[in-house]
A.B. asks: 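Take a look at the following structure, please.
The chains referred to below are lettered A, B, ... by the order of the sequence lines, with proteins before strands, and numbering in each begins at 1.
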2 protein chains.
Amino acid sequence: MKIGDLARATGLTVDTLRYYEDIGLLPPSQRDRSGHRIYGAESLRWLEFVGRLKATGMGIADMVRYAQLRAKGPSTNGERRRLMEAHRAKVALKIAELSENLGKLDEKIAWYRAEESATDIAEAAE
Amino acid sequence: MKIGDLARATGLTVDTLRYYEDIGLLPPSQRDRSGHRIYGAESLRWLEFVGRLKATGMGIADMVRYAQLRAKGPSTNGERRRLMEAHRAKVALKIAELSENLGKLDEKIAWYRAEESATDIAEAAE
DNA sequence: GCTTGACCTGGAGTGCACTCCAGGGGGTAA
DNA sequence: TTACCCCCTGGAGTGCACTCCAGGTCAAGC
């Protein structure tokens, strides 16, 4: 799989993939004899995982830290688990915050609806 | 209330408040005779609302749009309600996405725990 | 009367996460 | 063989949301 294929498969751009490699978020890939990057299925799986971390609000620096531990092998499992647990707690908090704010938004929308009804009635009475 | 008081009350910085005024997110305030900004309780309430929009991922440009409609008065109620409804839908989607990813994180954590248990057992057998 | 602290303005600088560009090479299809 | 598309590198540029700074005014406390 060449970089363009991986880009299509992940929804990222070719530029983003090269950027991820630069900063150490994507391990340096194999190259074919003309210097083009070649990727396997494991790159796709890793980027899907990275996408989930990103979707849950993890910053690049933290993801790179995780990637570095992963590159060191199974001896870092404990530390990686602790990172995931800490991140899980943040995500749970974020969900709680969003849910609370969703309630406030609903109140606001209900208020607007009530205002509009009041206006409609006032207009109907004219 | 002076700008420093409002900053303390909202948790924003003085710089951020002046920036919000510059871009039209905070209506221009009254000034005292030496040119210092003076705010009332309604500024605090507005900024709390803005904070909720921000916490739910609304960008500055959209918040400014909403602020402009608000400044135009009740005739824009319908449009403001529609903006809130559109935003509510995005927030609900975001919550669903986060919840799904929380599940995946839990699976990952469970996997690490299982690996660690396996390692413990192997070590105990040595 | 002088220092201190909060405030003012306009503009430059920061951090993040990309995104784009110039200048060049390689493989294949008409 | 020429046109086209994808790939390469190093480096500059972008958009967002602030954040900081220089140089200055003003009111209050010691």
Side-chain angles (χ1 to χ4, degrees), chain A residues 1-40 43-44 46-68 87 90 94 97 101, chain B residues 1-40 43-44 46-68 87 90 94 97 101:
Chain A
M1 190 163 36
K2 289 201 280 173
I3 197 167
D5 302 317
L6 186 60
R8 269 181 293 280
T10 57
L12 298 169
T13 68
V14 167
D15 279 323
T16 299
L17 291 173
R18 284 196 284 249
Y19 164 69
Y20 280 1
E21 188 183 307
D22 278 357
I23 62 173
L25 185 52
L26 183 59
S29 62
Q30 303 277 113
R31 300 294 181 112
D32 67 13
R33 71 189 176 298
S34 42
H36 294 191
R37 292 170 179 82
I38 329 178
Y39 298 97
S43 297
L44 185 52
W46 167 243
L47 287 169
E48 280 163 357
F49 178 63
V50 163
R52 277 196 289 277
L53 292 181
K54 199 172 69 164
T56 51
M58 186 181 279
I60 289 270
D62 286 348
M63 293 194 285
V64 169
R65 210 157 297 137
Y66 184 88
Q68 284 164 348
H87 186 57
K90 280 188 209 162
K94 185 75 190 168
E97 189 193 4
N101 283 326
Chain B
M1 191 164 34
K2 288 201 280 173
I3 196 166
D5 302 317
L6 186 60
R8 270 180 293 279
T10 56
L12 299 168
T13 69
V14 167
D15 278 324
T16 299
L17 291 172
R18 284 196 282 246
Y19 164 69
Y20 279 2
E21 187 182 307
D22 278 357
I23 62 173
L25 185 52
L26 183 59
S29 62
Q30 302 278 114
R31 299 294 180 113
D32 68 13
R33 71 189 176 297
S34 43
H36 294 190
R37 293 168 178 82
I38 329 178
Y39 298 96
S43 297
L44 185 53
W46 168 243
L47 287 169
E48 279 163 357
F49 178 64
V50 163
R52 276 195 288 278
L53 293 181
K54 198 172 69 166
T56 50
M58 185 180 281
I60 289 271
D62 286 347
M63 293 194 283
V64 169
R65 211 157 297 139
Y66 183 89
Q68 284 164 350
H87 185 59
K90 280 187 209 161
K94 185 74 190 168
E97 189 194 6
N101 284 326

A.B. asks: Do any side-chain atoms of residues 23-31 of chain B form donor-acceptor pairs under 3.5 angstrom with protein atoms, and if so which ones, sequence neighbours left out?
C.D. replies:
{"residue": "B/R31", "atom": "NH1", "partner": "B/G35", "partner atom": "O", "Å": "2.8"}

A.B. asks: For the pair A/W46 and A/Y66, name the ring-plane relationship: parallel under 30°, tilted 30 to 60°, perpendicular over 60°.
C.D. replies: parallel

A.B. asks: Between B/L6 (CG) and C/dA6 (C1'), how many Å, whole number?
C.D. replies: 15 Å

A.B. asks: So does A/Y20 get a side-chain nitrogen or oxygen closer than 4.0 Å to the phosphate oxygens (OP1/OP2) of C/dA17?
C.D. replies: no

A.B. asks: Applying side-chain hydrogen bond (donor to acceptor under 3.5 Å, both in side chains), can you list everything that pairs with A/S43, at least two apart in sequence or on another chain?
C.D. replies: none

A.B. asks: To the nearest Å, give me how far apart CG (A/L17) and P (D/dC6) are.
C.D. replies: 15 Å

A.B. asks: Do nucleotides 7-16 of chain D as a string where each nucleotide becomes B, S or -: B if the base has a protein heavy atom under 4.0 Å, S if just the sugar-phosphate does, - if no protein is that close.
C.D. replies: SSB-------

A.B. asks: Which is more 5' along DNA chain C, the nucleotide nearest A/R33 or the one nearest A/L12? Just name the residue.
C.D. replies: A/L12

A.B. asks: Does a salt bridge link B/K2 with B/D5, judged by any charged N lying under 4.0 Å from a carboxylate O?
C.D. replies: no

A.B. asks: Is there a side chain to side chain contact (heavy atoms under 4.5 Å, CB included) between B/V14 and B/R18 once you walk through the steps?
C.D. replies: CA-CA 6 Å; B/V14 167; B/R18 284 196 282 246; 3.4 Å; yes

A.B. asks: Calculate the interatomic distance between B/D62 atom CG and D/dA17 atom C1'; express it in whole Å.
C.D. replies: 14 Å

A.B. asks: Do the side chains of A/M58 and A/K90 get nearer than 4.5 Å, heavy atoms only?
C.D. replies: no

A.B. asks: Determine: side-chain N/O of A/T16 to OP1/OP2 of C/dT19, distance under 4.0 Å, yes or no.
C.D. replies: yes

A.B. asks: Over how many whole Å does the gap from B/D32 atom CG to D/dC26 atom P extend?
C.D. replies: 11 Å

A.B. asks: Rounded to the nearest Å, what distance is computed from the CG atom of residue B/D22 to the P atom of nucleotide C/dC8?
C.D. replies: 11 Å

